[in-house]
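Every chain is numbered from 1, with letters handed out A, B, ... down the list of sequences.
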Number of protein chains: 2
Amino acid sequence: MFSSFKLTGEEREALNAISTRIHRPAKRRVYTQGEPGNHIYRIRSGAVRLEHHMKDGRNQIFAFLWADDMFGTLEDGMYHTSAITLVDTYLFQISCSALKGLVEVYPRIQALFLQQALDYAKTAERHLLLATCPLVIKRLAGFLLECSRQKDFFDRQTNILTLAMDRKDIADYLGFAIETTSRTLKELEDMGLIQRLSSQRIKIDCARIGAFV
Amino acid sequence: MFSSFKLTGEEREALNAISTRIHRPAKRRVYTQGEPGNHIYRIRSGAVRLEHHMKDGRNQIFAFLWADDMFGTLEDGMYHTSAITLVDTYLFQISCSALKGLVEVYPRIQALFLQQALDYAKTAERHLLLATCPLVIKRLAGFLLECSRQKDFFDRQTNILTLAMDRKDIADYLGFAIETTSRTLKELEDMGLIQRLSSQRIKIDCARIGAFV
DNA sequence: CGCGTCCTTGAACACCTTCAATTCAAGTGG
DNA sequence: CCACTTGAATTGAAGGTGTTCAAGGACGCG
(Lines give C-alpha, C1' and ligand atoms only; values in the text may rest on other atoms or scores of the structure.)
Protein backbone atom coordinates (compact mmCIF):
# COMPACT_ATOMS: atom_id res chain seq x y z
CA MET A 1 0.00 0.00 0.00
CA PHE A 2 2.53 2.65 1.10
CA SER A 3 5.56 0.76 -0.09
CA SER A 4 8.17 1.60 -2.74
CA PHE A 5 8.12 5.28 -1.85
CA LYS A 6 10.98 7.49 -3.05
CA LEU A 7 11.92 10.97 -1.89
CA THR A 8 12.65 13.61 -4.53
CA GLY A 9 16.18 15.03 -4.71
CA GLU A 10 15.05 18.19 -2.97
CA GLU A 11 13.35 16.30 -0.14
CA ARG A 12 16.38 14.10 0.43
CA GLU A 13 18.69 17.11 0.49
CA ALA A 14 16.49 18.86 3.04
CA LEU A 15 16.56 15.73 5.20
CA ASN A 16 20.32 15.45 4.92
CA ALA A 17 20.63 19.10 5.93
CA ILE A 18 19.19 18.34 9.38
CA SER A 19 21.06 15.02 9.83
CA THR A 20 24.33 14.62 11.73
CA ARG A 21 26.67 11.73 10.98
CA ILE A 22 27.82 9.99 14.13
CA HIS A 23 29.88 6.89 14.93
CA ARG A 24 29.87 4.28 17.71
CA PRO A 25 32.29 1.39 18.21
CA ALA A 26 30.90 -2.08 18.95
CA LYS A 27 28.88 -2.64 22.14
CA ARG A 28 28.33 1.05 22.93
CA ARG A 29 25.10 2.70 23.92
CA VAL A 30 23.38 5.08 21.54
CA TYR A 31 20.83 5.89 24.22
CA THR A 32 19.42 4.31 27.38
CA GLN A 33 15.91 3.32 28.37
CA GLY A 34 14.22 5.98 30.49
CA GLU A 35 16.52 8.73 29.24
CA PRO A 36 14.87 11.85 27.81
CA GLY A 37 15.70 12.34 24.15
CA ASN A 38 15.12 14.43 21.11
CA HIS A 39 16.70 12.46 18.27
CA ILE A 40 15.88 9.64 15.95
CA TYR A 41 18.50 7.57 14.18
CA ARG A 42 19.08 5.82 10.90
CA ILE A 43 21.78 3.19 10.47
CA ARG A 44 24.26 3.94 7.69
CA SER A 45 26.29 0.81 8.35
CA GLY A 46 26.62 -1.67 11.20
CA ALA A 47 23.99 -3.14 13.51
CA VAL A 48 22.10 -2.21 16.66
CA ARG A 49 19.96 -4.02 19.18
CA LEU A 50 16.92 -2.51 20.90
CA GLU A 51 16.40 -3.92 24.35
CA HIS A 52 13.89 -3.38 27.12
CA HIS A 53 14.96 -3.91 30.68
CA MET A 54 12.29 -5.05 33.16
CA LYS A 55 11.95 -4.88 36.92
CA ASP A 56 12.06 -8.67 37.24
CA GLY A 57 15.56 -8.66 35.72
CA ARG A 58 14.47 -9.96 32.36
CA ASN A 59 16.06 -8.21 29.39
CA GLN A 60 13.89 -8.58 26.30
CA ILE A 61 15.46 -7.68 22.98
CA PHE A 62 12.81 -6.21 20.70
CA ALA A 63 14.79 -6.14 17.51
CA PHE A 64 18.13 -6.34 15.81
CA LEU A 65 18.45 -3.46 13.37
CA TRP A 66 20.59 -3.27 10.25
CA ALA A 67 21.66 -0.78 7.59
CA ASP A 68 18.90 1.64 6.58
CA ASP A 69 16.72 0.80 9.59
CA MET A 70 15.51 3.66 11.75
CA PHE A 71 14.99 3.73 15.51
CA GLY A 72 14.49 6.09 18.42
CA THR A 73 10.75 6.26 19.06
CA LEU A 74 9.93 8.32 22.13
CA GLU A 75 7.21 7.83 24.75
CA ASP A 76 6.42 10.91 26.79
CA GLY A 77 9.69 12.37 25.63
CA MET A 78 11.70 9.38 26.87
CA TYR A 79 13.23 6.39 25.13
CA HIS A 80 11.41 3.25 26.22
CA THR A 81 14.23 0.96 25.07
CA SER A 82 18.01 1.06 25.11
CA ALA A 83 19.83 1.09 21.79
CA ILE A 84 23.24 -0.58 21.76
CA THR A 85 25.58 -1.21 18.86
CA LEU A 86 26.50 -4.82 18.11
CA VAL A 87 29.45 -3.90 15.89
CA ASP A 88 31.23 -0.78 14.71
CA THR A 89 28.37 1.39 13.50
CA TYR A 90 27.81 4.63 11.62
CA LEU A 91 24.52 6.50 12.11
CA PHE A 92 22.51 9.48 10.99
CA GLN A 93 21.17 11.44 13.92
CA ILE A 94 18.11 13.61 13.27
CA SER A 95 16.63 16.13 15.67
CA CYS A 96 12.90 15.55 16.20
CA SER A 97 12.06 19.23 16.39
CA ALA A 98 13.94 19.98 13.16
CA LEU A 99 12.16 17.04 11.56
CA LYS A 100 8.78 18.30 12.70
CA GLY A 101 9.49 21.62 11.02
CA LEU A 102 10.66 19.89 7.85
CA VAL A 103 7.49 17.80 7.62
CA GLU A 104 5.45 21.01 7.64
CA VAL A 105 7.24 22.06 4.47
CA TYR A 106 7.54 18.62 2.86
CA PRO A 107 4.60 16.53 4.12
CA ARG A 108 5.51 13.76 1.71
CA ILE A 109 8.52 12.95 3.90
CA GLN A 110 6.06 11.41 6.36
CA ALA A 111 5.65 8.52 3.95
CA LEU A 112 9.24 7.53 4.68
CA PHE A 113 8.46 7.24 8.37
CA LEU A 114 5.16 5.51 7.75
CA GLN A 115 7.00 2.93 5.68
CA GLN A 116 9.56 2.44 8.46
CA ALA A 117 6.83 2.07 11.07
CA LEU A 118 5.02 -0.54 8.97
CA ASP A 119 8.29 -2.40 8.41
CA TYR A 120 8.99 -2.37 12.11
CA ALA A 121 5.50 -3.68 12.85
CA LYS A 122 5.95 -6.49 10.34
CA THR A 123 9.32 -7.34 11.88
CA ALA A 124 7.70 -7.40 15.32
CA GLU A 125 5.12 -9.89 14.05
CA ARG A 126 7.80 -12.18 12.63
CA HIS A 127 9.65 -11.87 15.92
CA LEU A 128 6.56 -12.90 17.85
CA LEU A 129 6.07 -15.95 15.64
CA LEU A 130 9.65 -17.00 16.33
CA ALA A 131 9.61 -16.27 20.04
CA THR A 132 6.44 -18.26 20.61
CA CYS A 133 7.44 -21.44 18.78
CA PRO A 134 6.77 -24.25 21.26
CA LEU A 135 10.14 -25.87 20.58
CA VAL A 136 13.31 -23.94 21.22
CA ILE A 137 15.09 -25.61 18.33
CA LYS A 138 12.59 -24.22 15.85
CA ARG A 139 12.98 -20.76 17.30
CA LEU A 140 16.71 -20.87 16.86
CA ALA A 141 16.54 -22.41 13.38
CA GLY A 142 14.14 -19.68 12.28
CA PHE A 143 16.36 -17.08 13.84
CA LEU A 144 19.40 -18.24 11.90
CA LEU A 145 17.38 -18.06 8.71
CA GLU A 146 16.34 -14.49 9.52
CA CYS A 147 19.93 -13.54 10.18
CA SER A 148 21.07 -14.95 6.89
CA ARG A 149 18.87 -12.42 5.09
CA GLN A 150 21.36 -9.71 6.05
CA LYS A 151 23.76 -9.47 3.13
CA ASP A 152 26.43 -7.77 5.25
CA PHE A 153 26.66 -10.75 7.58
CA PHE A 154 25.97 -13.72 5.34
CA ASP A 155 28.15 -14.96 2.52
CA ARG A 156 25.96 -16.55 -0.12
CA GLN A 157 28.95 -18.23 -1.73
CA THR A 158 30.15 -20.15 1.29
CA ASN A 159 26.89 -20.13 3.30
CA ILE A 160 28.80 -18.74 6.25
CA LEU A 161 26.81 -16.60 8.65
CA THR A 162 28.66 -14.18 10.91
CA LEU A 163 26.69 -13.62 14.09
CA ALA A 164 26.91 -9.99 15.14
CA MET A 165 25.35 -10.80 18.51
CA ASP A 166 26.52 -13.05 21.33
CA ARG A 167 24.73 -16.03 22.95
CA LYS A 168 23.03 -13.87 25.54
CA ASP A 169 21.61 -11.55 22.87
CA ILE A 170 20.13 -14.51 21.02
CA ALA A 171 18.66 -15.85 24.27
CA ASP A 172 17.16 -12.48 25.14
CA TYR A 173 15.70 -12.13 21.66
CA LEU A 174 14.13 -15.58 21.57
CA GLY A 175 13.15 -15.73 25.21
CA PHE A 176 15.19 -18.60 26.63
CA ALA A 177 18.24 -19.12 28.84
CA ILE A 178 21.74 -18.51 27.58
CA GLU A 179 22.69 -22.16 28.15
CA THR A 180 19.84 -23.16 25.88
CA THR A 181 21.42 -21.20 23.05
CA SER A 182 24.55 -23.33 23.31
CA ARG A 183 22.78 -26.63 23.74
CA THR A 184 20.42 -25.97 20.87
CA LEU A 185 23.17 -24.86 18.51
CA LYS A 186 24.88 -28.15 19.32
CA GLU A 187 21.64 -29.99 18.60
CA LEU A 188 21.32 -28.27 15.23
CA GLU A 189 24.92 -29.21 14.52
CA ASP A 190 24.27 -32.84 15.49
CA MET A 191 21.35 -32.85 13.08
CA GLY A 192 23.68 -31.61 10.37
CA LEU A 193 21.78 -28.40 9.75
CA ILE A 194 24.65 -26.14 10.77
CA GLN A 195 28.37 -26.26 11.43
CA ARG A 196 30.00 -24.11 14.09
CA LEU A 197 33.29 -22.83 12.63
CA SER A 198 33.86 -20.55 15.58
CA SER A 199 31.50 -19.13 18.17
CA GLN A 200 30.51 -16.30 15.83
CA ARG A 201 30.88 -17.99 12.44
CA ILE A 202 28.37 -20.62 11.43
CA LYS A 203 28.00 -22.48 8.17
CA ILE A 204 24.34 -23.12 7.59
CA ASP A 205 22.41 -25.43 5.29
CA CYS A 206 19.66 -23.00 4.25
CA ALA A 207 17.61 -25.53 2.33
CA ARG A 208 17.46 -28.09 5.13
CA ILE A 209 16.86 -25.47 7.80
CA GLY A 210 14.11 -23.96 5.68
CA ALA A 211 12.46 -27.37 5.40
CA PHE A 212 12.87 -28.01 9.11
CA VAL A 213 11.30 -24.79 10.38
CA MET B 1 6.77 12.75 18.23
CA PHE B 2 3.90 12.27 15.82
CA SER B 3 1.19 11.92 18.42
CA SER B 4 -1.86 14.05 19.18
CA PHE B 5 -2.53 14.71 15.52
CA LYS B 6 -5.94 15.99 14.45
CA LEU B 7 -7.46 16.12 10.98
CA THR B 8 -9.10 19.33 9.86
CA GLY B 9 -12.84 19.26 9.17
CA GLU B 10 -12.20 19.21 5.44
CA GLU B 11 -9.76 16.32 5.68
CA ARG B 12 -12.11 14.29 7.85
CA GLU B 13 -14.97 14.89 5.46
CA ALA B 14 -12.88 13.80 2.50
CA LEU B 15 -11.95 10.63 4.36
CA ASN B 16 -15.57 9.93 5.28
CA ALA B 17 -16.53 10.39 1.63
CA ILE B 18 -14.47 7.33 0.62
CA SER B 19 -15.47 5.21 3.65
CA THR B 20 -18.24 2.61 3.68
CA ARG B 21 -19.99 1.64 6.90
CA ILE B 22 -20.28 -2.12 7.26
CA HIS B 23 -21.46 -4.52 9.95
CA ARG B 24 -20.46 -8.01 11.10
CA PRO B 25 -22.09 -10.17 13.79
CA ALA B 26 -19.88 -11.89 16.36
CA LYS B 27 -17.36 -14.52 15.21
CA ARG B 28 -17.53 -13.63 11.49
CA ARG B 29 -14.64 -13.13 9.15
CA VAL B 30 -13.83 -9.68 7.81
CA TYR B 31 -11.15 -11.17 5.58
CA THR B 32 -9.01 -14.30 5.43
CA GLN B 33 -5.29 -14.80 5.38
CA GLY B 34 -3.93 -15.25 1.87
CA GLU B 35 -6.93 -13.57 0.27
CA PRO B 36 -6.23 -10.69 -2.12
CA GLY B 37 -7.66 -7.42 -0.86
CA ASN B 38 -7.98 -3.75 -1.50
CA HIS B 39 -9.48 -2.36 1.69
CA ILE B 40 -8.42 -1.20 5.10
CA TYR B 41 -10.73 -1.05 8.07
CA ARG B 42 -11.37 1.05 11.13
CA ILE B 43 -13.46 -0.20 14.03
CA ARG B 44 -16.41 2.03 14.91
CA SER B 45 -17.59 -0.27 17.71
CA GLY B 46 -16.96 -3.87 18.71
CA ALA B 47 -13.77 -5.92 18.69
CA VAL B 48 -11.69 -7.93 16.22
CA ARG B 49 -8.85 -10.41 16.45
CA LEU B 50 -6.00 -10.65 13.94
CA GLU B 51 -4.69 -14.18 13.63
CA HIS B 52 -2.02 -15.87 11.61
CA HIS B 53 -2.40 -19.50 10.70
CA MET B 54 0.75 -21.55 10.27
CA LYS B 55 1.60 -24.78 8.46
CA ASP B 56 2.38 -26.58 11.71
CA GLY B 57 -1.20 -26.01 12.83
CA ARG B 58 -0.36 -23.26 15.30
CA ASN B 59 -2.69 -20.29 15.24
CA GLN B 60 -0.97 -17.20 16.57
CA ILE B 61 -3.16 -14.23 17.42
CA PHE B 62 -1.25 -11.03 16.73
CA ALA B 63 -3.66 -8.60 18.32
CA PHE B 64 -7.08 -7.92 19.70
CA LEU B 65 -8.38 -4.66 18.24
CA TRP B 66 -10.93 -2.28 19.72
CA ALA B 67 -12.89 0.82 18.80
CA ASP B 68 -10.89 3.32 16.67
CA ASP B 69 -8.18 0.77 15.84
CA MET B 70 -7.34 0.25 12.20
CA PHE B 71 -6.30 -2.95 10.44
CA GLY B 72 -5.92 -4.49 7.01
CA THR B 73 -2.25 -4.17 6.05
CA LEU B 74 -1.49 -5.92 2.79
CA GLU B 75 1.60 -7.83 1.73
CA ASP B 76 1.99 -8.27 -2.02
CA GLY B 77 -1.67 -7.38 -2.37
CA MET B 78 -2.76 -10.12 0.03
CA TYR B 79 -3.82 -10.08 3.67
CA HIS B 80 -1.21 -11.90 5.73
CA THR B 81 -3.60 -12.41 8.65
CA SER B 82 -7.25 -13.25 9.10
CA ALA B 83 -9.49 -10.67 10.76
CA ILE B 84 -12.41 -12.08 12.74
CA THR B 85 -14.95 -10.26 14.90
CA LEU B 86 -15.17 -11.25 18.56
CA VAL B 87 -18.53 -9.56 19.11
CA ASP B 88 -21.11 -7.68 17.07
CA THR B 89 -19.00 -5.08 15.25
CA TYR B 90 -19.43 -1.99 13.09
CA LEU B 91 -16.61 -0.97 10.75
CA PHE B 92 -15.47 1.66 8.31
CA GLN B 93 -14.21 0.13 5.10
CA ILE B 94 -11.82 2.25 3.03
CA SER B 95 -10.60 1.42 -0.45
CA CYS B 96 -6.82 1.55 -0.67
CA SER B 97 -6.77 3.02 -4.18
CA ALA B 98 -9.22 5.77 -3.21
CA LEU B 99 -7.10 6.46 -0.14
CA LYS B 100 -3.96 6.67 -2.23
CA GLY B 101 -5.62 9.32 -4.36
CA LEU B 102 -6.81 11.21 -1.32
CA VAL B 103 -3.34 11.31 0.21
CA GLU B 104 -2.06 13.00 -2.96
CA VAL B 105 -4.48 15.84 -2.29
CA TYR B 106 -4.25 15.86 1.50
CA PRO B 107 -0.78 14.58 2.40
CA ARG B 108 -1.39 15.43 6.06
CA ILE B 109 -3.78 12.50 6.26
CA GLN B 110 -0.73 10.25 6.24
CA ALA B 111 -0.04 11.37 9.80
CA LEU B 112 -3.17 9.51 10.87
CA PHE B 113 -1.83 6.28 9.44
CA LEU B 114 1.64 6.89 10.77
CA GLN B 115 0.15 7.32 14.21
CA GLN B 116 -1.81 4.07 13.83
CA ALA B 117 1.27 2.20 12.64
CA LEU B 118 3.30 3.46 15.61
CA ASP B 119 0.49 2.48 17.99
CA TYR B 120 0.33 -0.97 16.47
CA ALA B 121 4.09 -1.36 16.82
CA LYS B 122 3.92 -0.34 20.46
CA THR B 123 1.09 -2.80 21.02
CA ALA B 124 3.14 -5.53 19.39
CA GLU B 125 6.01 -4.80 21.76
CA ARG B 126 3.75 -5.05 24.80
CA HIS B 127 2.37 -8.28 23.38
CA LEU B 128 5.84 -9.72 23.04
CA LEU B 129 6.68 -8.81 26.63
CA LEU B 130 3.56 -10.64 27.77
CA ALA B 131 3.97 -13.66 25.53
CA THR B 132 7.58 -14.24 26.60
CA CYS B 133 7.04 -14.08 30.36
CA PRO B 134 8.70 -17.23 31.70
CA LEU B 135 5.70 -18.03 33.93
CA VAL B 136 2.29 -18.55 32.38
CA ILE B 137 0.52 -17.04 35.36
CA LYS B 138 2.27 -13.70 34.84
CA ARG B 139 1.32 -13.75 31.18
CA LEU B 140 -2.31 -14.23 32.01
CA ALA B 141 -2.30 -11.70 34.84
CA GLY B 142 -0.76 -9.10 32.54
CA PHE B 143 -3.26 -9.97 29.86
CA LEU B 144 -6.22 -9.38 32.18
CA LEU B 145 -4.78 -6.01 33.10
CA GLU B 146 -4.46 -5.10 29.42
CA CYS B 147 -8.05 -6.14 28.79
CA SER B 148 -9.30 -4.00 31.64
CA ARG B 149 -8.01 -0.92 29.84
CA GLN B 150 -10.88 -1.26 27.35
CA LYS B 151 -13.66 0.87 28.75
CA ASP B 152 -16.29 -0.96 26.69
CA PHE B 153 -15.51 -4.25 28.38
CA PHE B 154 -14.51 -3.26 31.89
CA ASP B 155 -16.75 -1.72 34.51
CA ARG B 156 -14.64 0.50 36.75
CA GLN B 157 -17.42 0.60 39.38
CA THR B 158 -17.70 -3.12 39.94
CA ASN B 159 -14.25 -4.16 38.62
CA ILE B 160 -15.97 -6.67 36.38
CA LEU B 161 -14.19 -7.54 33.16
CA THR B 162 -16.18 -9.02 30.30
CA LEU B 163 -13.94 -11.20 28.16
CA ALA B 164 -14.80 -10.74 24.50
CA MET B 165 -12.64 -13.71 23.57
CA ASP B 166 -12.86 -17.39 24.49
CA ARG B 167 -10.24 -19.58 26.20
CA LYS B 168 -8.69 -20.66 22.93
CA ASP B 169 -8.23 -17.04 21.81
CA ILE B 170 -6.41 -16.23 25.03
CA ALA B 171 -4.23 -19.30 24.64
CA ASP B 172 -3.40 -18.42 21.03
CA TYR B 173 -2.59 -14.86 22.01
CA LEU B 174 -0.29 -15.76 24.91
CA GLY B 175 1.24 -18.83 23.34
CA PHE B 176 0.08 -21.71 25.54
CA ALA B 177 -2.42 -24.57 25.49
CA ILE B 178 -6.12 -24.02 26.00
CA GLU B 179 -6.10 -26.18 29.14
CA THR B 180 -3.47 -23.90 30.60
CA THR B 181 -5.86 -20.97 30.30
CA SER B 182 -8.35 -22.74 32.54
CA ARG B 183 -5.84 -24.02 35.03
CA THR B 184 -4.14 -20.65 35.36
CA LEU B 185 -7.40 -18.76 35.79
CA LYS B 186 -8.16 -21.16 38.60
CA GLU B 187 -4.75 -20.50 40.09
CA LEU B 188 -5.33 -16.74 39.98
CA GLU B 189 -8.68 -17.29 41.63
CA ASP B 190 -7.11 -19.45 44.35
CA MET B 191 -4.63 -16.63 44.97
CA GLY B 192 -7.56 -14.26 45.36
CA LEU B 193 -6.53 -12.01 42.50
CA ILE B 194 -9.66 -12.66 40.46
CA GLN B 195 -13.11 -14.15 40.84
CA ARG B 196 -14.81 -16.05 38.00
CA LEU B 197 -18.46 -15.00 37.96
CA SER B 198 -19.09 -16.87 34.73
CA SER B 199 -16.77 -18.09 32.03
CA GLN B 200 -16.77 -14.67 30.36
CA ARG B 201 -17.25 -12.38 33.36
CA ILE B 202 -14.40 -11.92 35.79
CA LYS B 203 -14.10 -9.68 38.77
CA ILE B 204 -10.51 -8.59 39.09
CA ASP B 205 -8.48 -6.99 41.86
CA CYS B 206 -6.53 -4.51 39.75
CA ALA B 207 -4.26 -3.32 42.53
CA ARG B 208 -3.12 -6.79 43.59
CA ILE B 209 -2.75 -8.00 40.01
CA GLY B 210 -0.75 -4.89 39.18
CA ALA B 211 1.56 -5.60 42.12
CA PHE B 212 1.85 -9.26 41.15
CA VAL B 213 2.86 -8.78 37.51
C1' DC C 1 -34.56 -33.80 27.84
C1' DG C 2 -30.77 -34.53 24.65
C1' DC C 3 -27.21 -32.69 22.14
C1' DG C 4 -23.23 -29.88 21.08
C1' DT C 5 -19.85 -26.70 22.41
C1' DC C 6 -17.02 -24.74 25.50
C1' DC C 7 -14.72 -25.14 29.71
C1' DT C 8 -12.49 -27.65 33.44
C1' DT C 9 -9.80 -31.22 35.73
C1' DG C 10 -6.42 -35.23 36.25
C1' DA C 11 -2.05 -37.81 35.45
C1' DA C 12 2.09 -38.99 32.84
C1' DC C 13 5.55 -37.19 30.21
C1' DA C 14 8.62 -33.97 27.67
C1' DC C 15 11.05 -29.86 27.67
C1' DC C 16 13.52 -26.07 29.42
C1' DT C 17 15.61 -23.77 33.47
C1' DT C 18 18.69 -23.44 37.10
C1' DC C 19 22.87 -24.07 39.34
C1' DA C 20 27.37 -25.56 39.10
C1' DA C 21 31.50 -26.85 36.92
C1' DT C 22 34.46 -26.95 32.91
C1' DT C 23 36.43 -25.52 28.58
C1' DC C 24 37.80 -22.14 25.35
C1' DA C 25 39.65 -17.70 23.36
C1' DA C 26 41.64 -13.51 23.70
C1' DG C 27 44.26 -10.32 26.11
C1' DT C 28 47.87 -8.71 29.39
C1' DG C 29 52.13 -8.54 31.73
C1' DG C 30 56.37 -10.66 32.99
C1' DC D 1 56.98 -16.74 24.36
C1' DC D 2 54.57 -18.38 28.26
C1' DA D 3 51.80 -17.99 32.61
C1' DC D 4 47.92 -15.75 34.22
C1' DT D 5 43.51 -13.44 33.97
C1' DT D 6 39.04 -12.59 32.37
C1' DG D 7 34.79 -13.15 30.00
C1' DA D 8 32.21 -15.97 26.96
C1' DA D 9 30.67 -20.42 25.66
C1' DT D 10 29.77 -25.12 26.70
C1' DT D 11 28.37 -29.19 29.27
C1' DG D 12 26.12 -31.95 33.10
C1' DA D 13 22.46 -33.18 36.44
C1' DA D 14 18.30 -32.17 39.08
C1' DG D 15 14.09 -30.07 39.39
C1' DG D 16 10.06 -27.29 37.99
C1' DT D 17 6.59 -26.03 34.66
C1' DG D 18 3.62 -26.64 30.81
C1' DT D 19 1.87 -30.02 27.29
C1' DT D 20 -0.65 -33.83 25.92
C1' DC D 21 -4.15 -37.09 26.13
C1' DA D 22 -8.16 -38.42 28.19
C1' DA D 23 -12.25 -37.84 30.74
C1' DG D 24 -15.68 -35.22 33.14
C1' DG D 25 -18.69 -31.06 33.87
C1' DA D 26 -21.45 -26.82 32.65
C1' DC D 27 -24.21 -24.18 29.87
C1' DG D 28 -27.26 -22.89 26.05
C1' DC D 29 -30.34 -24.23 22.45
C1' DG D 30 -33.35 -27.12 19.95
- Of the nucleotides C:dC15, D:dT10, C:dT9, which has the atom closest to the B:Lys186 side chain? C:dT9
- Query: What is the distance from CD of B:Glu189 to P of C:dC7, rounded to the nearest Å?
  - Reply: 15 Å
- Query: Rounding to a whole Å, what distance do you find between B:Leu140:CG and C:dC7:P?
  - Reply: 13 Å
- Message: Using only atom types and a distance under 3.5 Å, with no angle test, would you say the side chain of B:His53 pairs donor to acceptor with the backbone of B:Gln33?
- Response: no
- Between C:dC7 atom P and B:Met165 atom CE, what is the distance in whole Å? 12 Å
- Task: Decide whether B:Tyr120 and B:Glu125 meet the rule of one side-chain donor and one side-chain acceptor closer than 3.5 Å.
- Result: no
- salt bridge (Lys or Arg N to Asp or Glu O under 4.0 Å) assessment of A:Asp166 paired with A:Lys27: CA-CA 11 Å; A:Asp166 60 24; A:Lys27 294 177 187 290; 3.7 Å; yes
- Run the ring-centre check on A:Phe64 versus A:Tyr173 and record whether the distance is less than 6.0 Å. yes
- Sugar-phosphate, base or nothing in reach of B:Gln200, heavy atoms under 4.0 Å: sugar-phosphate
- Just how far, in rounded Å, is C1' of C:dC16 from CZ of A:Arg167? 18 Å
- Item | Distance test, side-chain N/O of A:Thr180 to OP1/OP2 of C:dT17, below 4.0 Å | yes
- Item | Nearest-neighbour nucleotide for the A:Ala177 side chain, C:dC7, C:dT8, C:dT17 considered | C:dT17
- From CZ of A:Arg201 across to P of C:dA26 the rounded distance in Å is 12 Å
- Query: At under 4.0 Å between heavy atoms, what does A:Arg139 touch on the DNA or RNA strands: base, sugar-phosphate, or nothing?
  - Reply: nothing
- Query: Separation of B:Glu187 atom CD from C:dG10 atom P, in whole Å?
  - Reply: 13 Å
- Task: Check whether the side chain of A:Glu179 and the base of C:dC19 form a donor-acceptor pair under 3.5 Å.
- Result: yes
- Query: Which part of the nucleic acid does A:Ile178 contact within heavy-atom distance under 4.0 Å: base, sugar-phosphate only, or nothing?
  - Reply: nothing
- Message: Please confirm whether the shortest side-chain N or O distance from A:Arg183 to OP1 or OP2 of C:dC16 is below 4.0 Å.
- Response: no
- Query: Can you tell me how far P of C:dA25 sits from CZ of A:Arg196, to the nearest Å?
  - Reply: 12 Å
- Task: Please examine the side chains of A:Glu189 and A:Leu185, heavy atoms only from C-beta on, and report whether any two atoms are closer than 4.5 Å.
- Result: no
